[in-house]
Amino acid sequence: MPQNQATPYSSPLVMVRFSVTRKQTAPIDGQKPGTSGLRKKVKVFIQPNYLENFVQATFNALTAEKVRGATLVVSGDGRYYSKDAIQIIIKMAAANGVRRIWVGQNGLLSTPAVSAVIRERVGVDGSRSSGAFILTASHNPGGPNEDFGIKYNMENGGPAPEGITDKIYENTKSIKEYLISEDLPNVDISAIGISSFGGPEGQFDVEVFDSASDYVKLMKSIFDFESIRKLLSSPKFSFCYDALHGVAGAYAKRIFVEELGAKESSLLNCVPKEDFGGGHPDPNLTYAKELVARMGLGKSSSGQEPPEFGAAADGDADRNMVLGKRFFVTPSDSVAIIAANAVEAIPYFSGGLKGVARSMPTSAALDVVAKNLNLKFFEVPTGWKFFGNLMDAGMCSVCGEESFGTGSDHIREKDGIWAVLAWLSILAYKNKANLDSGKLVTVEDIVRQHWATYGRHYYTRYDYENVDAGAAKELMANLVKLQSSLAEVNGMIKGVRSDVSKVVHGDEFEYKDPVDGSISKHQGIRYLFEDGSRLVFRLSGTGSEGATIRLYIEQYEKDPSKTGRDSQEALAPLVEVALKLSKMQEFTGRSAPTVIT
């Protein structure tokens, strides 16, 4: 039997029967889903009826055929409280007339794998999934005192659009009851197989399946695994992958070791843990400390020669960080480099790219590639669903965002392991003639060659986390107010730094979706400079407490003799201007950001 199909197991002769209970409840404040679902502290989610209200509000927001008789996926990144939440959702799905639930073994499925399962998987009885509850708070920490999250994905494999998330939120504000089958026994999600039960509307099945098979099959249909295997087996090439104890660990050994022949010692922190080993599963230079040190980018040198290539994933494996030996690749450069090389290096794109897209805060490196290669180009608000619309309409092949998210139209989520395989494919392509003799083309060589061709976008992001929400809103309102007089803004800038170009445009980014015509307003405050530089300010909706202010600073340099400068040094004048213009310290009381990327 093909691996991607479910293994039929015989049901017990006497099927356990369950009934449906209507539980009285009342609205609970604050259940508004952000760009990636609802994220709160675990202690909030374990309050009576908290999860149940949100799940019922979601069922009520969907059309009847997406619930009654439907097949839904329920899994996530394995963080603390996931196992309890899965059992609650199974019992509620049964009560709401769902026909079958698919669960990744041990409740584990990466967010990209959920998207792949919705789009690709066929059950033994021919069933296909029409949606999923994904239990993740992505790159936020896990554990009893940390974060939990839940989001709903649609039949295209992508996150629920605003039309649905708005309905869910409205439902949470008026909910009076939820349906649950309390007498349905807990399902053993550690064992692969099918459990069948009988309810008022007939049979209800829960199928536990292998978390990796469908996803591995999809990756093998996109990339030339043989050429990557040759690269990884070359004595000249060394490799390191850090899952930060997130769900990527459930895929890393299968793909990198079993399929591609990497040494098992090249995998770091690849055992998924409920608390991510006490770490922060965010693949950046601040939190991926072990990988950063191994790649020669740490404060102290270990004396060992770093690997040629390193990468990390976040909790639910949809984000990625790519590193060369003593070299950091910015996510904005990464998506531009993948787009520039995709047609030659990745079989899936051999027929050409339909178009490319980036989120508004992401640097304009991708814009320059699109212009040079004559590709359709889109700038969208932050949130993967905007890319999904373009992909569903056949308008976009490769897309990315500065927050370490990169992906393509193979699924409708960003995909961390896909991005790593894309980079390995480019390295394999560039080195196909010199693995036996000659000098290896390195990650750094590829990036510097890209800058020489397209120019360099010096780029940094300052995050101010858990800022008082009121203060954050005041800061943003002040920045909008300043835009009414650019002459005044330019006067302020000259008073701070005379070597900074003048602002020629200031606005709040607004996006009209070319597919469905919907308009998204207040997507970030932009200051655009005459020389192509940009300052962008955004309030982020992905934290679970307080507000996060994100400040994006970008300087474009076309002169090849100036593309090799230290990034922080090249950006220092603009940074100074941004902090003075926004009155960051005055409003927030912070003299430094929480994280600099």
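Once rounded to the nearest 0.5 Å, the distance linking CG of D463 with OG of S403 reads 9.5 Å. Of the inter-residue distances, the one linking L108 atom CG with L135 atom CG reads 11.0 Å to the nearest 0.5 angstrom. Atoms CG and OH, on D147 and Y81 in that order, are 14.5 Å from each other to the nearest 0.5 Å. Here the straight-line distance linking atom CZ of R254 with atom OG of S213 works out to 4.5 Å at 0.5 Å rounding. Atom-to-atom distance recorded for N171:CG and K176:NZ is 11.0 Å, nearest 0.5 angstrom. Once rounded to the nearest 0.5 Å, the distance linking OG1 of T111 with CG of D77 reads 7.0 Å.
In this structure, R128 places its CZ atom where more than 12 heavy-atom neighbours from other residues, nucleotides or ligands lie under 6.0 Å away. Under a cut-off of 6.0 angstrom, the local environment of NZ in K173 is crowded, with over 12 non-hydrogen atoms contributed by other residues, nucleotides or ligands. Within 6.0 Å of the CZ atom in F225, the count of heavy atoms belonging to other residues, nucleotides or ligands exceeds 12.
For the pair K376 (side chain) and M395 (backbone), a donor-acceptor distance under 3.5 Å is absent. Side-chain N or O atoms of S129 include none that pairs as donor or acceptor with a backbone N or O of I118 at under 3.5 Å. Panel note: side chain S350, backbone P347; a donor-acceptor pair is recorded below 3.5 Å. Counting only distance, with no hydrogens or angles, the side chain of R412 and the backbone of N389 share no donor-acceptor pair below 3.5 Å. Checked by atom type and distance alone, the side chain of R22 never pairs as donor or acceptor with a backbone atom of E177 at under 3.5 Å. The backbone N or O of T165 lies less than 3.5 Å from no partner atom in the side chain of Y152, so there is not a single donor-acceptor pair. A donor-acceptor pair is defined here as one N or O able to donate and one able to accept, closer than 3.5 Å; such a pair exists between the side chain of K40 and the backbone of G30. Using modelled atom types, one side-chain atom of H245 and one backbone atom of V271 make a donor-acceptor pair closer than 3.5 Å. For Q523 (side chain) and K521 (main-chain N/O), a donor-acceptor pair under 3.5 Å exists by modelled atom type. Put simply, the side chain of D275 never gets that close to the backbone of G143: no donor and acceptor are under 3.5 Å apart.
Side-chain contact between I150 and I89: present, with at least one pair of heavy atoms (C-beta onward) separated by less than 4.5 Å. No side-chain heavy atom of D282 sits under 4.5 Å from any side-chain heavy atom of F276. Annotation: side chain of E52 is not in contact with side chain of K23 (no heavy-atom distance under 4.5 Å). Looking only at side-chain heavy atoms (C-beta outward), P33 and Y169 come within less than 4.5 Å of each other. Looking at heavy atoms from C-beta onward, V98 lies in side-chain contact with V67 at the 4.5 angstrom threshold. Between V356 and S397 the shortest side-chain heavy-atom distance does not fall below 4.5 Å. Two residues are said to be in side-chain contact when any heavy atoms from C-beta on lie closer than 4.5 Å; S110 and V247 meet this criterion. For the pair D409/Y348, a side-chain contact is recorded, criterion being any heavy-atom separation below 4.5 Å from C-beta on.
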Checklist entry - Going through the distances and angles, do L260 and L421 end up as a side chain to side chain contact (heavy atoms under 4.5 Å, CB included)? => result CA-CA 10 Å; L260 295 171; L421 292 170; 3.7 Å; yes
Item to check | Working for salt bridge (charged side-chain N to carboxylate O under 4.0 Å, His left out), residues E401 and R358 | outcome: CA-CA 6 Å; E401 53 189 21; R358 64 165 173 84; over 6 Å; no
Item to check | Evaluation steps, side chain to side chain contact (heavy atoms under 4.5 Å, CB included), between N140 and E146 | outcome: CA-CA 8 Å; N140 294 7; E146 297 298 347; over 6 Å; no
Next on the checklist: Before you tell me yes or no, could you show the steps for I417 and I255 under side chain to side chain contact (heavy atoms under 4.5 Å, CB included), namely the whole-Å CA-CA distance, both residues' side-chain angles and the distance that decides it to 0.1 Å?
Outcome noted: CA-CA 9 Å; I417 289 176; I255 291 174; 3.9 Å; yes
Next on the checklist: Working note: D214 + E120, criterion side chain to side chain contact (heavy atoms under 4.5 Å, CB included); need CA distance, chi angles, decisive distance, verdict.
Outcome noted: CA-CA 7 Å; D214 301 281; E120 307 283 336; 5.6 Å; no
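Across R121, R99, R100, a single residue satisfies salt bridge (charged side-chain N to carboxylate O under 4.0 Å, His left out) together with E207, and that is R121. Put simply, the residue from K151, R119, K385 that forms a salt bridge (charged side-chain N to carboxylate O under 4.0 Å, His left out) with E413 is K151.
In this structure, Y241 and F256 have tilted ring planes: the angle between them lies in the 30° to 60° band. Ring geometry for F18 against F197 counts as perpendicular: the plane angle is over 60°, on a 0 to 90° scale with 30° as the lower cut.
Contact record, Q56 with L179: OE1-N, 3.0 Å, taken as the closest heavy-atom pair. When every heavy atom of P283 is checked against every heavy atom of D314, the shortest pair comes out as CD-CB, 3.4 Å. Heavy-atom minimum distance, S211 versus Y251: O-OH, 3.1 Å. A pairwise comparison of heavy atoms in A342 and F349 identifies CB-CD1, 3.7 Å as the closest pair. Taking all atoms of both residues into account, the shortest heavy-atom contact from P144 to V42 is O-CB, 3.5 Å. The nearest pair of heavy atoms linking V595 to E465 is CG2-OE2, 3.8 Å.
A donor and an acceptor atom, one from each side chain of N53 and Q31, are nowhere located under 3.5 Å apart. Side-chain N/O atoms of N320 and T406 include a donor and acceptor closer than 3.5 Å. For the residue pair D415/Y215, the side-chain donor-acceptor check at 3.5 Å is satisfied. Side-chain contact, N60 with Y178: no donor N or O sits under 3.5 Å from an acceptor N or O. Looking at K83 and N106, their side chains never bring a donor and an acceptor atom within 3.5 Å of each other.
With ring centers used as reference points, F133 lies under 6.0 Å from F59.
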